[in-house]
Amino acid sequence: MAKPPVKPASPWLVSTDWLASRLRTPDLVVVDGSYYLPTQKRDAAAEYKAGHIPGAMRFDIDNISDHSSSLPHMLPSAFDFAMAVGELGISERETVVIYDGIGLLSSPRVWWTFRLFGAEHVFILDGGLPKWKAEGRPIEQGIVTRARRHFITKTPADIVATLANVQQALNGKTAQVVDARPAERFRGEAAEPRPGVRSGHIPGSLSVPASALVENGQLRPADQLRQAFAAGGVDIDKPIITSCGSGVSAAVLWLALDALGKPPVRLYDGSWSEWGARADLPAATGA
C-alpha cells in the first residue's frame with residue numbers, strides 16, 4: 001500500500017506536488033524570494049535568470065526595502081511595498097507561493113512581509129527550489145513579467161520590534177529575545193558577515209539557530225522544533241521577540257513558533273546588524 005503524503009509541519013507550507021498541480025492556475029503567483037549573505041558569494045538575481053520555477057516573479061528583499069535606512073533590507077513603508085509588489089503583478093487577493101534557493105531561509109521573511117501588509121493567502125514552498133529541482137520538475141530561464149496589479153495594504157499589526165522595544169523587553173523581563181544566527185556567531189567565535197558589526201550577541205538573548213529548525217530545506221516536525229527551543233532555554237509559552245543578523249532568519253523562528261501554535265509577539269527588524277554596530281550598546285560573548 002502506498003504511503004500517504006507527508007503533511008507539512010506548518011499550515012503555511014505547501015508541497016512541491018501541491019504547487020506542481022496548480023502551477024498554471026490564473027490566481028496563483030509563484031515568487032522567488034532568494035537572498036544570500038555576502039559571504040555565500042551567490043548572486044540571487046543571476047541565479048533567478050539562469051533557472052526558476054515557471055512563472056515565478058523575483059522578490060528582491062534588498063530592493064523592496066527602506067532605502068532611507070543604513071541597515072540592510074529594512075521593511076519598506078506600506079505604500080512602497082504596495083507599489084513594488086503591484087509592479088510585480090501581485091495583488092492582495094492572489095494566492096502567493098514563495099520559495100528560495102537554499103530551501104528554507106529567506107522565503108519565510110518574504111512570507112512574513114506579505115502577511116504583515118495584509119496578504120492572507122501567502123504560503124511557502126516546503127523544500128524550496130532545491131527540492132523542486134531534485135524531483136526533476138520544470139525550470140525556466142529569463143525574466144518573467146506580469147501585468148501591473150493594485151495591491152491594497154492593511155494597517156500592519158504592531159509586530160515589528162525596534163531597538164528600544166528589545167531593550168524594554170529585556171530590562172523588564174516581559175519577553176524573551178531569541179537569536180536565529182549560527183551558534184558560533186552568537187557566541188562571538190565567528191566574525192560577522194557585515195563590516196563594522198561586532199561579534200557576539202545581545203546580553204540576555206537566547207540562541208536557537210535557524211539550522212536547528214530546518215532539515216534538507218524543510219521545517220522539522222513539531223516535536224523536534226520543541227526540542228530545539230527547549231535546548232536554547234526558550235519557554236515557548238512566554239512572549240518571544242525573534243532576532244538574527246538582519247531580520248531574515250528571524251522569520252524562520254517565527255514560522256517554527258507559529259507551527260507550534262505559539263507565534264512570537266514581534267520580530268526585531270534591525271537585529272544584530274543594528275545592535276552590533278552600536279559601540280554604545282553592550283555585547284556579550286560565549287554561551
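Computed from heavy atoms alone, side chains included, the values below leave out hydrogens, waters and symmetry copies.
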Check: Between S249 and V252, is there a donor-acceptor pair closer than 3.5 Å when you use the side chain of the first and the backbone of the second?
Finding: no

Next item on the list: Classify the angle between the aromatic ring planes of F81 and F59 as parallel (below 30°), tilted (30 to 60°) or perpendicular (above 60°).
Entry: tilted

Notebook entry, point to check: Going by an N to O cut-off under 4.0 Å, is there a salt bridge joining R115 and E92?
Noted result: no

Compile the donor-acceptor pairs under 3.5 Å between side chains in residues 217-224 and protein atoms, sequence neighbours left out, one pair per line.
residue	atom	partner	partner atom	Å
Q218	NE2	D126	OD2	3.2
R220	NE	A212	O	3.1
R220	NH1	E215	OE1	3.4
R220	NH1	Q224	OE1	2.8

Next item on the list: Measure from the side-chain N and O atoms of S91 to the backbone N and O of R93, and report whether any donor-acceptor pair falls under 3.5 Å.
Entry: yes

Checklist line | Trace of the side-chain contact (heavy atoms from CB on, under 4.5 Å) decision for I240 with V265 | finding: CA-CA 6 Å; I240 292 170; V265 292; 5.8 Å; no

Checklist line | From CA spacing to verdict: side-chain hydrogen bond (donor to acceptor under 3.5 Å, both in side chains), E94, H121 | finding: CA-CA 7 Å; E94 259 101 22; H121 311 293; over 6 Å; no

Margin query: What I want to check is whether the side chains of Y35 and D62 have a donor and an acceptor closer together than 3.5 Å.
Written below: no

Notebook entry, point to check: Does D17 pair with R137 as a salt bridge, N-O distance under 4.0 Å?
Noted result: yes

Next item on the list: Answer yes if the side chains of T242 and R266 hold a donor-acceptor pair under 3.5 Å, and no otherwise.
Entry: no

Checklist line | Side-chain donor/acceptor of S15 to backbone N/O of W18, under 3.5 Å | finding: yes

Item checked: Distance-only donor-acceptor check, side chains T16 and E135, under 3.5 Å -> yes

Notebook entry, point to check: Got a salt bridge between E274 and R278, using NZ or NE/NH1/NH2 to carboxylate O under 4.0 Å?
Noted result: no

Margin query: Could you check whether E47 pairs with R42 (Lys NZ or Arg NE/NH1/NH2 to Asp/Glu carboxylate O, under 4.0 Å)?
Written below: yes

Note to self: Hydrogens and angles aside, do D100 and S107 bring a side-chain donor and acceptor to less than 3.5 Å of each other?
What the structure shows: yes

Checklist line | N165 side chain to T162 backbone, donor-acceptor under 3.5 Å | finding: yes

